[in-house]
Amino acid sequence: LVADGGWRFDLRNPTPVHSPELFAVFTVGALEQIGTEHELLLRWLLEQRPILCLHVEPLLELYDPADQFDQLAIDYHTARGYLRGFLPALQRLQDKKQIELLETRRVRFGGLYNEGYSYVIWKPL
């Protein structure tokens, strides 16, 4: 998380910080490490109301289990405990009109077992 130079932040256990009035969130390969532990982070983000959130992460839900290569990536992603359920959580928040999903894109770039450059962009409402 970056705001006027940034600050140290625990993604699994976000605590109140003095955030500036206007700030954005940009993660790259950080959320993959929290597995399914993203609920507190999402709650914190909704409370802090950043103007924009951009997450460049491997997004499990964008893989197609009917595709053999994608199934290999799903198995690897799951075995490693990478980010899971984050995109559906954002979709539920959009259904509740708490956020707006601006773009979700699978970027077919990475290795055989992992595409780490897909992204989701959203903002609180």
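Treat the numbers as computed from the prediction; the structure is a model and nothing was measured.
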Kindly indicate whether the side chain of L54, heavy atoms from C-beta on, has any atom under 4.5 Å from the side chain of Y119.
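In contact.
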Quick one: do V120 and F86 satisfy side chain to side chain contact (heavy atoms under 4.5 Å, CB included)? Show the steps, please.
CA-CA 10 Å; V120 58; F86 185 70; 4.2 Å; yes
Co-membership, hydrophobic cluster, residues L59 and L41, 4.5 Å side-chain:
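Yes, same cluster.
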Let me check something: do L11 and L60 share a hydrophobic cluster, defined by ILVMFWY side-chain heavy atoms less than 4.5 Å apart, either directly or through other members?
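Not linked; separate clusters.
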Spacing of [X] atom [atom1] and [Y] atom [atom2] [to the nearest 0.5 Å]:
X    : Y    : atom1 : atom2 : value
L102 : K123 : CG    : NZ    : 6.0 Å
L52  : F26  : CG    : CZ    : 10.5 Å
R49  : W44  : CZ    : CH2   : 13.0 Å
Y113 : Y82  : OH    : OH    : 12.5 Å
L45  : L40  : CG    : CG    : 11.0 Å

If you count every heavy atom of other residues, nucleotides or ligands that lies below 6.0 Å from [X] atom [atom1], does the total exceed 12?
X    : atom1 : result
R80  : CZ    : no
Q33  : CD    : yes
Y117 : OH    : no

Qualifying residues under salt bridge (charged side-chain N to carboxylate O under 4.0 Å, His left out), relative to R105, sequence neighbours excluded
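With sequence neighbours excluded, R105 shows a salt bridge (charged side-chain N to carboxylate O under 4.0 Å, His left out) to E103, given in chain and number order.
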Spell out, as yes or no, whether a donor-acceptor pair under 3.5 Å connects the side chain of H77 to the backbone of L83.
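Yes, H77 side chain to L83 backbone: donor-acceptor pair under 3.5 Å.
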Determine the minimum heavy-atom distance between [X] and [Y], stating which atoms define it.
X    : Y    : answer
P58  : E32  : CG-OE1, 3.1 Å
V107 : S118 : N-OG, 3.1 Å
P50  : A24  : CB-CA, 4.4 Å

Let's go through I99 and L46 carefully: what are the C-alpha distance in whole Å and the side-chain angles of both, what is the deciding distance for side chain to side chain contact (heavy atoms under 4.5 Å, CB included) to 0.1 Å, and is it a yes or a no?
CA-CA 8 Å; I99 71 165; L46 289 174; 3.5 Å; yes
Which pairs, with at least one residue in residues 54-76 and sequence neighbours excluded, count as a side-chain hydrogen bond (donor to acceptor under 3.5 Å, both in side chains)?
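Sorted pair list: T27-H55, T27-E57, H55-W122, D70-R106, Q71-D75.
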Report all side-chain donor-acceptor pairs from residues 87-97 shorter than 3.5 Å, counting only partners two or more places apart or in another chain.
residue: Q94; atom: OE1; partner: L101; partner atom: N; Å: 2.7

Could you check F69 against L112 for side chain to side chain contact (heavy atoms under 4.5 Å, CB included), going step by step and ending with a plain yes or no?
CA-CA 7 Å; F69 287 109; L112 180 60; 3.7 Å; yes
Please report the C-alpha distance between R43 and E47 in whole Å, then the side-chain angles of each, then the deciding distance to 0.1 Å, and finally whether the salt bridge (Lys or Arg N to Asp or Glu O under 4.0 Å) criterion is met.
CA-CA 6 Å; R43 187 177 311 143; E47 290 170 2; 5.5 Å; no
Is there a side chain to side chain contact (heavy atoms under 4.5 Å, CB included) between T78 and R84 once you walk through the steps?
CA-CA 8 Å; T78 303; R84 186 172 61 245; 4.1 Å; yes
